[in-house]
Amino acid sequence: MDRVLLRRDGAAVVATVCAEDGTPGAATVLPAGELPGWVAAREAAGAVRWVWDDTTRWYPALLDAGVRVERCTDLRLSAAVLRRSPYAGPTPAPDPGWAALEPVTAGDPALFDLADPADSLDPLAEHRRQQAAVAASPHRGRLGLLLAAESSGALAAAEMTWAGLPWRADEHGRLLTGLLGDRPPPGLRPPVLERLAGEVRAALRAPDLNPDSPVALLRALQTAGLPVEDTRSWTLERYEHPVVPPLLEYKRLARLLAANGWAWLDAWVRDGRFRPVFLPGGVVTGRWASSGGGALSVPVQVRPAAVADDGWRLVVADVAQLEPRVLAGMSRDAALADAARAADLYAGMVAAGVVATRAEAKLGVLGALYGGTRGESGRMMPRLARRYPRAIGLVEDAARTGERGAVVHTLLGRGSPVPGGAWAQEAADLGEAPEPAGRDTDRARRAWGRFTRNFVVQGTGAEWALCWVADLRNRLWRLGPGEPLHRRPHLVFFLHDEVVVHTPAYLAEEVGEQVRQAAATAGRLLFGDFPLDFPLDVAAVRSWADAG
DNA sequence: GCCCTGGGCGCC
DNA sequence: AAAGGGCGCCCAGGGC
């Protein structure tokens, strides 16, 4: 049964509707404070799907009240998927307010604002429209799975922020002091950086140089005789000059200080938890984005500070080479799936005699996924195309489709954006490959082809990962029944193809098993009985840094 | 003072 | 001949 939640005049209204066609049934009006108890009671009775405008507007308060829900439909996220999906059946245009709706975060003053734009939308009508779009889809199963997975992801994201990743500020502080010296007063460099800046200035004979200024640094490097056009680390590495070692060290430590230094600790770690905001569907391909704290790029350098509570463990799991495996599945390329039978797909390619070394295999596969054709990566392509014609054919088709200005889609039907450049307009007008165009136009066209090439694989990879997380979330809930979410094994972090679960130590092994079973389930959901392995590296550790 | 862009670099 | 996907975030520096 579907229950649609809406907010009217400060009260919560719960409308019961038929799950098949959205026909409305009875409605209940509740003072806002009574909602959590009411939801908890229905949830315990089972078989309910909560339908709401936006998970970020409802779920955090339910979690605060100790209420966890099993299933939901997030109308905002679903509308975004349907808007671009070639699999969506025809429906009247949605209220444009759905496309404009922004997720909210805890500190957001708009959260309980009477002027919240969400309150002028009609969730009942939008729910009916979305049901109709799926019912009329030529791929109901796939599209329905995508919407369900997207909504489950929204629940998982809210729960991860709520629970937080265990983070030891003392450990992090020790690490910073060890590398940078004592914390300086605001506006000053820590001692180690100050010393390195001095060495850089001396080596370049530039006593006033600010090494944080790329423009000034470039000029100083050139004056000192280094023929560089930029100041990137991998450019500098190529030169033997006394400035290079201290400058590279300076850049490494300055980056740590700026991105994950004491200021980061102050801003993002409270009560032993790092609580990043995850944004499901935040990337066009369907990957999650994040907001605040740089959650999607927590450097390996500071992961020693992510430490399980006493008596608990972190179960860290990641998939080896997710994207080439997904490509094998979506193209049903049996030869590539064979290579993927090995725990290391690249080793499997070497064993099959496709390439001579693992390094070649990796270069070739990444080139196929990203559109790299330069140098060694490009030289691998003909061999890969011969041995894996279906897989390579799929990404090549996606590239050509994008170059024509047309739309591609993932396995479950997430559509790519329509290109906006002038070249795309030409292509659309001509309906064909356009006249020979200028160099810039050509470059833009090919860049879009690389984007659509990668879109189909990255996006389907994101769908696999979403199914994995969604299934795992429910499996974890069944371990340790009767406890609140944060006293059971629960997800605390997700990063494209990696999850971290915080669990009582005695359940760590069982959690690892559930992580593997969830991966197998995700594979079956997307690829049916096509034989394809998704091997995981799983580690139960005290600190995140001890995994992998 | 705010806002935007580009360089650079962390993650996948 | 040239041709490498997706993000977020920090800083400097220029425009207002």
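Residue numbers begin at 1 in each chain, while the letters A, B, ... track the order of the sequences. As the structure is a computational prediction, the values presented were derived from the model and not from experiment. Computed over heavy atoms, backbone and side chain alike; hydrogens, waters and symmetry mates excluded.
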Determine, for A/E360 against A/R379, whether the closest basic-nitrogen to carboxylate-oxygen distance falls under 4.0 angstrom. no
Interatomic distance, A/L217 atom CG to A/L204 atom CG [nearest 0.5 angstrom]: 7.0 Å
Considering only the C1' atoms, how many Å lie between B/dC12 and C/dG4, rounded to the nearest integer? 15 Å
Counting primed atoms, P, OP1 and OP2 as sugar-phosphate and everything else as base, the B/S/- map of nucleotides 5-12 of chain B against protein heavy atoms under 4.0 Å is ---BBBBB
Between P on C/dC10 and OH on A/Y250, what's the gap in Å once rounded to a whole number? 16 Å
Could you check whether A/G292 gets within reach of a base, just the sugar-phosphate, or nothing at all, counting any heavy atom under 4.0 Å? sugar-phosphate
Holding to ring pair (Phe, Tyr, Trp, His ring centres under 6.0 Å), I want the full list of residues that pass it with A/F534, two or more places apart in sequence or in another chain. A/W464
Once you round it to whole Å, what is the distance between C1' of C/dA3 and CD of A/E396? 12 Å
How close or far is atom C1' of C/dA3 from atom CE of A/M381, stated in whole angstroms? 12 Å
Using the criterion of both pairing distances under 3.5 Å for Watson-Crick and G-U wobble pairs, give all stems of 3 or more consecutive pairs involving DNA chain C. B:1-12 with C:5-16
Ring centres under 6.0 Å, that's the criterion: do A/W264 and A/F274 meet it? yes
Let me spell it out: for each of A/F451 and A/R446, pick the nucleotide of DNA chain C with the closest heavy atom. Which residue's pick is nearer the 5' end? A/R446
Whole-Å distance, A/L279 CG to C/dG6 P, equals 18 Å
Does the pair A/E323/A/R287 count as a salt bridge with the N-to-O cut at 4.0 Å? yes
Does A/E150 come within less than 4.0 Å of A/R414, counting only side-chain N to carboxylate O? yes
Are any of the side-chain nitrogens in A/R542 or A/D546 under 4.0 Å away from the carboxylate oxygens of its partner? no
Spatial distance of atom CZ (A/R332) from atom CZ (A/F527) [nearest 0.5 Å]: 8.5 Å
Remember a base hit wins even if backbone is also touched, and classify A/V457 as base, sugar-phosphate or nothing at under 4.0 Å, heavy atoms. nothing
N-O pairing of A/R201 and A/D208 below 4.0 Å: no
Output the residues of residues 163-175 of chain A in contact with DNA chain B, where contact means a heavy atom of the residue under 4.0 Å from an atom of the strand; sort by number or write none. none
Between A/W167 and A/R273, is there a cation-pi geometry (under 6.0 Å to ring centre, at most 45° from the normal)? no
Could you check whether A/R473 pairs with A/E159 (Lys NZ or Arg NE/NH1/NH2 to Asp/Glu carboxylate O, under 4.0 Å)? yes
When rounded to whole Å, the CG to C1' distance for the pair A/D212 and C/dC9 reads 15 Å
Base, sugar-phosphate or nothing for A/G293? Non-hydrogen atoms, less than 4.0 Å. sugar-phosphate
Over 12 foreign heavy atoms within 6.0 Å of NZ, A/K251: yes
Tabulate protein N/O versus nucleotide N/O from nucleotides 14-16 of chain C, keeping only pairs under 3.5 Å, one per line.
none

By ring pair (Phe, Tyr, Trp, His ring centres under 6.0 Å), which residues pair with A/H490, not counting sequence neighbours? A/H502
Rounded to whole angstrom units, what separation is found between the CG atom of A/D442 and the P atom of C/dA1? 16 Å
If you round to the nearest 0.5 Å, how far is OH of A/Y87 from CG of A/L411? 6.5 Å
